[in-house]
Amino acid sequence: MAQLPDAVKKAMAKQDVFPVATSNQDCIPNVVYIGYLKVIDNQTVLIADNYLKKTRDNILSNGKIAFVVRDEEKGSFQIKGTAERLTKGAMFDEVQKWASEKLPRVAAIVMHVEEIYNGSEIIH
């Protein structure tokens with residue numbers, strides 16, 4: 001697994017919403033804006049599943065996921081990995097505490113980071 005560099009984590013901390021991409025079994029892509037996405041550790045990103053229909057279905061069918069972070073100095077970073085959907089346990093409990101009570105908070109999407117790109121260049 002790749003390690004999230006400090007530059008990526010700093011860029012993520014400044015960003016409010018994240019374009020997150022998945023695809024279904026037929027390789028049809030889906031991109032949504034996610035407001036609840038955060039770093040858990042250097043290899044793990046947590047996403048709150050609030051209203052994720054296609055994204056949820058895609059994660060359940062193949063698990064591949066990617067998102068983009070923009071840094072004004074270093075350009076864009078693309079983070080790719082595999083996700084799992086959890087409806088109990090520590091990550092699910094974290095979503096319950098972290099995401100707004102006004103939202104459904106139905107599951108935790110846990111992304112295991114596998115590749116990181118700066119522009120088109122792989123950095124991890």
Side-chain angles (χ1 to χ4, degrees):
M1 272 198 231
Q3 299 276 326
L4 288 168
D6 287 340
V8 174
K9 291 187 283 188
K10 287 178 186 174
M12 289 176 68
K14 295 177 189 175
Q15 194 161 313
D16 292 333
V17 294
F18 300 84
V20 175
T22 58
S23 66
N24 66 15
Q25 291 176 328
D26 297 324
C27 299
I28 297 171
N30 181 62
V31 179
V32 296
Y33 281 116
I34 300 286
Y36 284 96
L37 182 150
K38 71 176 180 176
V39 174
I40 296 299
D41 60 38
N42 287 338
Q43 297 178 318
T44 312
V45 173
L46 178 62
I47 299 170
D49 179 349
N50 297 316
Y51 295 104
L52 303 179
K53 170 65 175 116
K54 290 181 196 171
T55 301
R56 177 186 313 133
D57 292 346
N58 291 348
I59 288 168
L60 292 172
S61 72
N62 74 21
K64 293 302 180 185
I65 189 168
F67 67 92
V68 176
V69 178
R70 175 91 172 104
D71 181 89
E72 290 192 23
E73 294 175 20
K74 299 188 185 316
S76 65
F77 295 102
Q78 185 180 133
I79 296 87
K80 295 182 180 186
T82 302
E84 59 184 322
R85 183 174 183 268
L86 305 173
T87 56
K88 60 183 176 181
M91 291 295 104
F92 178 75
D93 294 343
E94 178 63 21
V95 166
Q96 300 307 302
K97 290 186 274 183
W98 165 51
S100 171
E101 292 178 5
K102 296 176 183 177
L103 299 173
R105 304 176 297 168
V106 296
I109 304 298
V110 179
M111 176 185 183
H112 305 284
V113 177
E114 296 168 353
E115 296 178 318
I116 304 165
Y117 293 81
N118 185 205
S120 63
E121 202 172 308
I122 191 162
I123 59 173
H124 282 283

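Model, not experiment: these values are computed from the prediction.
- Members clustered with Y117: I122, by chain and number, using a 4.5 Å side-chain heavy-atom cutoff among hydrophobic residues.
- With sequence neighbours left out, K53 forms a salt bridge (Lys or Arg N to Asp or Glu O under 4.0 Å) with D57.
- Under the salt bridge (Lys or Arg N to Asp or Glu O under 4.0 Å) criterion, K38 pairs with E94, not counting sequence neighbours.
- Applying the side chain to side chain donor-acceptor pair (under 3.5 Å) test to N50 and every residue at least two apart in sequence or in another chain returns nothing.
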Going by atom type alone, with no hydrogens or angles, which donor-acceptor pairs under 3.5 Å involve a side-chain atom of residues 26-34 and a protein atom two or more places apart or on another chain?
| residue | atom | partner | partner atom | Å |
| --- | --- | --- | --- | --- |
| N30 | ND2 | T55 | OG1 | 3.1 |

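- Remark: T87 pairs with R85, A107 by the side chain to side chain contact (heavy atoms under 4.5 Å, CB included) rule, at least two apart or across chains.
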Pairs under 3.5 angstrom only: tabulate donor-acceptor contacts from the side chains of residues 68-79 to other protein residues two or more places apart or in another chain.
| residue | atom | partner | partner atom | Å |
| --- | --- | --- | --- | --- |
| D71 | OD2 | E73 | N | 2.9 |
| D71 | OD2 | K74 | N | 2.6 |
| Q78 | OE1 | K80 | NZ | 3.3 |

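- Under the salt bridge (Lys or Arg N to Asp or Glu O under 4.0 Å) criterion, E114 pairs with K64, not counting sequence neighbours.
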Using a 3.5 Å cut-off and no angle test, enumerate the donor-acceptor pairs between side-chain atoms of residues 6-14 and protein atoms at least two apart in sequence or in another chain.
| residue | atom | partner | partner atom | Å |
| --- | --- | --- | --- | --- |
| K9 | NZ | N42 | OD1 | 2.5 |

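- The other residues sharing a hydrophobic cluster with Y36 are I40, L46, Y51, L86, M91, V95, W98, L103, V110, where clustering joins ILVMFWY side chains under 4.5 Å apart.
- Under the rule for a salt bridge (Lys or Arg N to Asp or Glu O under 4.0 Å), the partners of R56 that lie at least two apart in sequence or sit in another chain are D49.
- Residues satisfying the side chain to side chain contact (heavy atoms under 4.5 Å, CB included) criterion with D41, sequence neighbours excluded, are Q43, T44.
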